[in-house]
Every structure is written in C-alpha cells, then in structure tokens.
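One structure is given below, encoded as structure tokens.
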Amino acid sequence: MEEKKQEQQAPQTSEAKKPQQRKKPQHNNGNKKSAQPKDKDGNVNPQAKPDKNGNKNQNSKKPQQKRGRQKFQSAKNRPSALEGNEKWQSDMRKAIDANQRMHKERLQSFSKLNLKTDAKIKITPLGGLGEIGGNIAVFETDTSAIILDVGMSFPSEDMHGVDILIPDFTYLRTIKSKIKGIIISHAHEDHIGALPYLFKEMQFPIYATPLPLGMIANKFDEHGLKAQKKLFRPVEKRKVYKIGDFRVEWMHITHSIIDASSLAITTDAGTIIHTGDFKIDHTPIDGYVSDLSRFSYYGEKGVLALLSDSTNSYKPGITRSESTVGPTFDAIFSKAKGRVIMSTFSSNIHRVYQAIEHGVKHGRKVCVIGRSMERNLFIAMDLGYIDFDRSIFIDPHEVNKHNDKDVLIVTTGSQGETMSALYRMATDEHRHIKIKTSDQIIISAKAIPGNEASVSKVLNFLLKSGANVAYQDFSEIHVSGHAAQEEQKLILRLTKPKFFLPVHGEYNHITKHKETAISCGVPARNILLMGDGDQIEICPKYVKKVKSVKTGKVFIDNQVNQQISNDVVIDRQNMAEAGLVMIVAQIDKSEHKLISKPKVVSYGLVSDAKDHAFSKEMEGIVDQFVVNAKKELIQNTRAFENELRGVVRKHIFRKMKKYPTIVPTVFVM
C-alpha cells in the first residue's frame with residue numbers, strides 16, 4: 001500500500017510545481033528547462049520567438065523582462081517598511097515625528113503669539129469696503145490711534161454736479177485726541193485724494209515714502225495748505241517707526257504706481273500685515289521687485305492678522321507684469337502715421353514712462369497735457385524715480401509747429417472725466433489740440449466700476465472724429481495693478497496669519513478672497529468679512545465685531561474744492577428723476593380766497609403740449625385748498641406753503657406716480 005501511495009504522490013508533486021512556475025517566475029539556476037516566456041504582464045506567450053539564449057521574447061526590440069518577480073502580496077500581508085534593525089526603526093520614526101512637528105510649527109507660526117496678553121487692537125474701516133476706492137481705516141489701542149490712507153472715490157452718474165466723494169470724518173472727530181499720525185501706503189487718488197479736505201478741519205503728522213509725500217504736497221499747494229507740509233514725515237522702507245502705541249514698517253510692494261508699500265503694524269497684541277494695493281511683479285520697470293522676504297520674516301515671527309487686497313479675487317492665475325505693455329506700445333508707435341495721443345491714469349508713472357520711452361525711440365517730441373498728469377510726471381522726475389532729458393518735452397501751443405508723425409501727446413481722461421484734457425479734445429473744446437483722422441489714440445486703462453458709461457461716451461466722440469482708437473481690443477495695452485488668486489495665495493502662505501480680514505473691494509470680492517484663504521489653510525472661523533463702519537476688536541485669542549460707527553460720503557465740487565450739502569444733491573437727483581413744479585399764489589386773508597389765478601410752471605414732468613391742461617388742474621387744487629384752509633394756517637405763510645406742497649405732491653403721485661420737487665410761493669395780502 002505504501003508503494004502505491006508513493007507512486008501516486010510522486011507524479012502529483014511534480015505536476016503541482018508546473019502551474020506554480022507559470023504563476024511565479026523562477027530564475028533558471030542550471031535547470032535543464034528554461035522558464036516559459038512571459039509578456040509584460042507576466043503571462044505565458046508561447047508565440048514568442050526564442051532569443052540567442054534560447055529564451056522566447058515577445059518583442060525583441062523591447063528590453064527583456066526581469067524574471068524572478070515576487071508574487072503580489074495584499075496590503076494586510078505586506079511586511080512593514082520599518083521592519084529590520086531596531087535602531088534604524090527608532091531613528092526613522094523620530095525623523096518622521098520631528099518633520100511633522102516642524103511642518104505644524106512653520107505653517108502655524110502664529111502659535112508663537114502671546115496668548116496671556118490683555119492687549120488688543122481695534123480696526124475700523126471708514127471707506128474702501130463695499131466699493132472700489134475711498135480707502136481709509138483706523139487702527140486703535142486704548143490710548144492712541146493711527147489712520148491708514150485717506151482716499152477719495154468717484155460719484156455715480158445720478159450725483160449731478162458732484163466731482164468726487166470723500167469719507168465722512170465724523171468718527172475721526174470723536175477720537176481726534178488719540179490720533180498720533182496718518183500712514184500712507186501709496187499715492188493713488190483713492191488712497192490720498194481726500195487728505196486736503198481732512199486737513200482743512202484737523203491736522204496730524206503724515207508718514208509716507210517720498211513719492212506719495214510729493215504728490216500730497218502738490219495737492220496741499222492747490223488747496224492753500226502749504227504751511228501744513230511741515231507735518232510731512234518721510235520714511236525709509238525696512239525701518240520701523242514708533243507712532244504712538246504702534247511700531248510701523250513700510251515694506252516695498254509692486255503695484256501700478258511707483259513706491260507702493262505694504263505695512264507691518266505691530267502692537268503688544270501682535271503684528272498686523274496690511275498689503276495695501278499690490279501685485280507680485282517679477283519684472284517691474286524699475287527693477288525693484290516686491291520685498292517678499294519681509295513678509296516671510298514676519299510670517300516666521302507670527303502674524304496676528306492679515307488684511308489683503310481683494311480687488312482681483314475672481315481672477316485666476318497671476319497678473320501680468322507692467323513690462324508686457326511696452327512691446328504693444330512699440331508696435332502701435334511703429335505703425336502710427338500721425339500723432340499718437342496716449343491717455344492713462346496720471347498716477348501710473350511707469351505706464352507714462354513706457355509711452356514716453358517708446359515715443360522718443362520713434363523720434364517723437366512729447367507734450368504732456370493735463371494738470372495732474374504734468375504735476376505727477378515732473379514730481380517723479382524731480383525726486384529721481386524716472387529720468388528724461390527735458391529737451392524732449394514741448395508745450396501744447398508748440399504741437400502744431402511739428403509734423404504729426406513727430407508728436408506724442410500724453411494726457412488725462414482715461415475715465416471719461418468731462419473736465420479732462422482728452423474729453424475736451426474729443427468734443428473739440430480744447431484750446432490747442434483738435435482730433436484729426438490721422439491721430440492714433442491709445443486709452444491705456446480699464447474703466448473703474450461705475451465709469452463705464454463715461455468712458456463709452458468719450459470713445460464715441462473720438463471714433464466719430466475719425467481717429468483710430470486702441471482700447472480694449474488690445475489685451476496688452478493695459479495690465480492690472482492688483483493681485484490675482486495665485487499672488488493672493490503667496491502672501492497668505494508667506495505671512496501665515498492667525499486671522500484674515502479681506503479688504504479693498506465690493507462684498508463679492510472679499511467673499512471670494514475668503515474662499516482663497518480657506519484653501520490656503522486659514523480656518524473659516526478665523527476669517528471676518530468687514531463693511532465700512534464695522535469696528536473689529538482683535539487679540540491673539542479672538543477677532544470679533546464690537547460695534548458700528550457712522551460712515552458715509554461727502555460730496556465735493558472739484559471746481560471750487562468745496563463740499564456740496566447732501567440735501568442739494570438729493571434735490572438734484574429728485575429734479576432729474578421726477579421734475580419740478582413751481583406755484584405762485586396771492587391770497588386775500590380777509591376774504592379767504594385767491595386774489596387771482598395762481599401761476600403754475602412745471603419742468604420735466606409733463607410735455608409742453610400738456611402743460612396748459614396741467615396748469616389748469618393745479619389751479620383747481622390750489623383754489624380748493626385755500627377755500628378749505630383754516631384761518632390761522634393762512635396767517636402762517638411758511639406753514640401754509642408746507643401744507644400746500646404736501647397736497648399737490650399727493651395729487652400728482654396719485655395721477656402720475658411721480659414725486660416731483662414742489663416749490664410753492666404764497667403772498668398773503
């Protein structure tokens with residue numbers, strides 16, 4: 001029986017090995033039979049031709065597959081990568097733990113903040129949120145305060161006769177004794193334009209780098225504030241200045257204007273980084289790239305809060321460099337047969353610089369037209385930010401003495417401002433420059449939200465004149481000065497703030513910026529969306545809104561540099577929307593009746609054809625009102641006029657659904 005069992009077992013053992021060889025390749029270590037040829041997936045391929053060693057190879061051009069590959073093992077049966085020497089295992093685990101701690105520490109460097117301190121800081125934006133422009137914010141401790149920027153904004157089209165808007169300074173009046181100074185991030189109008197109006201009421205030291213101070217000085221000269229320039233405090237970047245309870249450092253950042261800065265504002269509560277307006281331009285015109293190492297420096301020390309520019313928060317990727325505009329200018333200049341007229345923001349010195357540089361390259365003389373453009377360009381030259389030979393410049397009255405192909409005109413009016421030089425040229429009202437069909441006009445700017453209609457209007461005038469206009473059809477004719485999402489992420493990653501407060505933009509912009517911050521690891525609970533007038537209290541333990549303060553806009557007539565009362569603007573809006581009705585009546589108080597028919601005149605309410613019928617209707621309303629009026633009301637002329645105004649107003653609304661401005665004038669005899 002045993003012999004039988006052995007005979008049965010022997011062939012079974014031999015046959016059992018063969019299928020194992022197919023599943024698990026073995027090296028041929030002197031065995032007579034070679035391993036079966038396999039394809040790249042380890043399957044037997046009897047069709048393969050033998051190679052020179054007698055092995056079959058599926059594709060002779062492909063490298064021979066290694067034999068002896070280990071059988072696949074499931075995850076639960078796979079041995080640990082750390083099996084082996086115990087010391088090696090211990091060292092590996094220590095390194096892994098140490099690296100995890102390092103990552104946590106470097107990504108959460110705000111953990112270095114002093115949680116035991118009772119110090120806190122209040123931040124109150126008074127402008128610049130829920131809008132584009134008008135930037136102003138107050139940073140405040142228990143004993144002192146500083147103001148960051150004092151900017152203006154543009155009015156909407158229904159603000160008739162209003163040139164600019166400035167912030168309401170009511171809150172500043174309540175904390176005037178605490179304010180130790182004003183700090184300026186850069187020289188754009190929406191950050192410095194309201195300073196003269198503030199200084200006519202209250203004055204504080206102004207801390208800023210030289211170019212912003214130079215542009216503020218020009219404004220003060222215009223407003224009769226030359227004596228106030230004694231309060232200017234020029235600052236050096238990378239140097240910390242003590243202002244009240246605050247230690248402030250200006251850090252260089254690239255933007256669409258020279259000499260822009262971000263601010264590191266430090267108190268006992270911690271450091272707050274405010275980016276100001278910025279983008280990360282790696283090839284700026286002057287070569288001065290953003291000082292990212294300072295952001296990193298504060299990020300490593302621990303940043304309490306980051307306030308960052310949200311203007312381009314919907315734009316993915318990065319914002320193109322200012323230097324990309326130059327080649328477009330060059331191409332346009334090379335093709336232009338007549339004069340080139342370039343309009344942009346007067347504060348965009350590098351854009352103006354590039355236009356002039358390419359104009360000179362093509363042999364053109366340069367005429368700068370527009371008070372703000374001329375003032376800003378030459379202050380930048382005087383301070384050494386740019387350098388041009390002054391012999392290239394000509395005055396407006398000299399333009400016609402040169403051939404058209406030899407002239408470049410640099411001017412204001414890129415936003416369609418009705419008093420700008422470009423607008424006056426387009427409407428044929430400029431004293432020296434008339435638009436020609438041979439002119440090449442470049443509008444190197446994008447319409448500020450709310451200004452689209454004004455820009456379109458001036459474009460229509462220019463095109464009707466027959467000139468060639470380059471505007472939005474050239475994508476490289478203008479680049480933004482604000483950071484796109486990847487640049488916003490870079491600042492978030494460098495500073496690693498505990499709290500994040502997006503600023504500068506409408507509510508949808510700061511909401512989108514919040515999403516970007518969350519993707520960069522800032523917890524949603526540590527992000528607070530502010531609005532103008534929200535007072536935020538912040539310390540290493542928390543950030544919260546504590547109250548609201550009065551904010552708003554003050555209307556300014558730029559022609560006389562004076563404020564326009566709110567009720568005046570409201571009356572203008574009402575007259576524009578609903579018209580005007582004037583009523584003149586004479587009343588005999590003894591007879592208690594009208595002496596003669598009242599005179600009724602309307603504007604903007606009914607057509608001329610219906611004016612007579614409307615007047616007759618109003619006469620009847622006035623006559624009935626006088627008959628029913630009480631004797632004591634007739635004796636009080638002002639009260640009588642107010643009552644009459646209300647009656648007429650209600651009647652017109654019932655019939656026409658309009659609330660015109662009613663102006664009654666009553667004479668009681």
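The shown structure was predicted, so the numbers you read here are calculated from the model rather than taken from an experiment. The basis for the numbers below is simple: all heavy atoms, side chains too, and nothing from hydrogens, waters or symmetry mates.
With salt bridges taken as basic N to acidic carboxylate O contacts below 4.0 Å, one links Arg339 and Asp439. Salt-bridge check for Lys436 with Asp404: passed, with a basic side-chain N closer than 4.0 Å to an acidic carboxylate O. Between Asp221 and Lys229, at least one side-chain nitrogen of the basic residue sits less than 4.0 Å from a carboxylate oxygen of the acidic one, meeting the salt-bridge criterion. We find that Lys512 and Glu506 are not joined by a salt bridge, their nearest charged nitrogen and carboxylate oxygen being 4.0 Å or further apart. Under the 4.0 Å criterion applied to side-chain N and carboxylate O atoms, Lys489 and Glu486 are assigned as salt-bridge partners. The pair Arg238-Glu249 does not count as a salt bridge, with every side-chain nitrogen at least 4.0 angstrom from each carboxylate oxygen. For the pair Lys176 and Glu201, the salt-bridge criterion is not met [side-chain N within less than 4.0 Å of a carboxylate O]. Between Lys237 and Asp259 there is a salt bridge, with a side-chain nitrogen of the basic residue lying less than 4.0 Å from a carboxylate oxygen of the acidic one.
Remark: the Asn376 side chain and the Ser347 side chain contain no N/O donor-acceptor pair separated by less than 3.5 Å. Under the 3.5 Å distance criterion, with hydrogens and angles disregarded, a donor-acceptor pair is assigned to the side chains of Arg351 and His478. Counted by atom type alone, Thr254 and Ser290 present one or more donor-acceptor pairs between their side chains at under 3.5 Å. At a cut-off of 3.5 Å, with distance as the only test, a side-chain donor of Asn574 or Thr661 sits close to an acceptor on the other residue. Asp291 and His252 share no donor-acceptor pair across their side chains, judged by distance under 3.5 Å alone. A donor atom on one side chain and an acceptor atom on the other are found under 3.5 Å apart for Ser323 and Thr283. Donor-acceptor pairing under 3.5 Å is lacking for the side chains of Thr551 and Asp168.
Distance check, rounded to the nearest 0.5 Å: CZ of Phe278 to OG1 of Thr319 gives 9.0 Å. Here His430 contributes atom NE2 and Leu422 contributes atom CG; the two are 10.0 Å apart, rounded to the nearest 0.5 Å. If you take CG on Leu408 and NZ on Lys361, they are separated by 14.0 Å, rounding to the nearest 0.5 Å. Separating the CD1 atom in Ile146 from the CG atom in Leu148 is a distance of 7.5 Å, to the nearest 0.5 Å.
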What's the verdict on side chain to side chain donor-acceptor pair (under 3.5 Å) for His513 and Ser310, showing C-alpha distance, side-chain angles and the deciding distance? CA-CA 6 Å; His513 205 171; Ser310 306; 2.9 Å; yes
Can you list the steps and then say if Asn312 with Ser480 is a side chain to side chain donor-acceptor pair (under 3.5 Å)? CA-CA 9 Å; Asn312 270 357; Ser480 175; 3.0 Å; yes
For a side-chain contact (heavy atoms from CB on, under 4.5 Å) check, start with the C-alpha distance between Val549 and Thr124, then their side-chain angles and the critical distance, and finish with the verdict. CA-CA 8 Å; Val549 304; Thr124 313; 3.6 Å; yes
Could you walk me through whether Tyr171 and Leu126 satisfy the side-chain contact (heavy atoms from CB on, under 4.5 Å) test, starting with their C-alpha distance in whole Å, then the side-chain angles of each, then the deciding distance to 0.1 Å, before giving a yes or no? CA-CA 8 Å; Tyr171 182 66; Leu126 300 178; 4.2 Å; yes
Test log, rule side-chain contact (heavy atoms from CB on, under 4.5 Å), inputs Ile206 and Leu195: CA-CA 10 Å; Ile206 302 178; Leu195 271 169; 4.2 Å; yes
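A 4.5 Å side-chain heavy-atom check between His402 and Arg364 finds every atom pair outside the cut-off. Within the 4.5 Å cutoff, no side-chain heavy atoms of His191 are placed close to those of Ile184. Contact check for Thr411 versus Ile433: no side-chain heavy atoms found under the 4.5 Å cut-off. Contact of the Phe139 side chain with the Leu307 side chain is registered, since non-hydrogen atoms from C-beta on lie closer than 4.5 Å. Side-chain atoms of Ile441 and Asn468, non-hydrogen and from C-beta on, never get closer than 4.5 Å to each other. Contact of the Ile183 side chain with the Ile147 side chain is not registered, since no non-hydrogen atoms from C-beta on lie closer than 4.5 Å.
Around NZ of Lys315, the count of heavy atoms belonging to other residues, nucleotides or ligands within 6.0 Å exceeds 12. More than 12 heavy atoms of other residues, nucleotides or ligands shown are found within 6.0 angstrom of CZ on Arg572. Within a 6.0 Å sphere centred on CG of Asp382, other residues, nucleotides and ligands contribute more than 12 heavy atoms. Taking a 6.0 Å sphere around CE of Met202, one finds it holds more than 12 heavy atoms contributed by other residues, nucleotides or ligands. Around the CZ atom of Arg390, the shell of radius 6.0 Å holds more than 12 heavy atoms that belong to other residues, nucleotides or ligands. Counting heavy-atom neighbours within 6.0 Å of Phe232 CZ, excluding the residue itself, gives a total above 12.
Evaluation of the side chain to side chain donor-acceptor pair (under 3.5 Å) rule for Asp389 yields Ser391 as partners, not counting sequence neighbours. Remark: Tyr603 pairs with no residue by the ring-ring contact (aromatic ring centres under 6.0 Å, His included) rule, at least two apart or across chains. Shown here are the ring-ring contact (aromatic ring centres under 6.0 Å, His included) partners of His255, two or more places apart in sequence or in another chain: His186, His188, His482. Scored by the ring-ring contact (aromatic ring centres under 6.0 Å, His included) test, Tyr197 finds His223 as partners (sequence neighbours excluded). In this structure, the ring-ring contact (aromatic ring centres under 6.0 Å, His included) partners of Phe378, at least two apart in sequence or on a different chain, are Phe393. The side chain to side chain contact (heavy atoms under 4.5 Å, CB included) search around Gln228 returns Phe199, Gln203, Phe220, Leu225, Leu231, not counting sequence neighbours. With sequence neighbours excluded, no residue forms a salt bridge (Lys or Arg N to Asp or Glu O under 4.0 Å) with Glu487. For Asp387, there are no side chain to side chain donor-acceptor pair (under 3.5 Å) partners, not counting sequence neighbours. Thr427 pairs by the side chain to side chain donor-acceptor pair (under 3.5 Å) definition with nothing, not counting sequence neighbours. Not counting sequence neighbours, Ser456 has no partner by the side chain to side chain donor-acceptor pair (under 3.5 Å) test. Here Ala426 pairs with Val458, Phe461, Leu462 under the side chain to side chain contact (heavy atoms under 4.5 Å, CB included) rule; sequence neighbours left out.
Closest non-hydrogen pair, Pro316 versus Ala484, comes out as O-CB, 3.9 Å. Shown here for Cys367 and Asp395, the closest heavy-atom pair between the two residues is SG-C, 3.9 Å.
Using a distance-only test at 3.5 Å, with no hydrogens or angles considered, a donor-acceptor pair links the side chain of Ser313 to the main chain of His509. In this structure, Ser308 contributes its side chain and Pro502 its backbone to no donor-acceptor pair below 3.5 Å.
Here the rule is side-chain contact (heavy atoms from CB on, under 4.5 Å) with His504, and of Leu129, Thr311, Thr275 only Thr311 fits it.
For residues 342-369, the set of pairs meeting the ring pair (Phe, Tyr, Trp, His ring centres under 6.0 Å) definition, not counting sequence neighbours, comprises Tyr353-Phe388.
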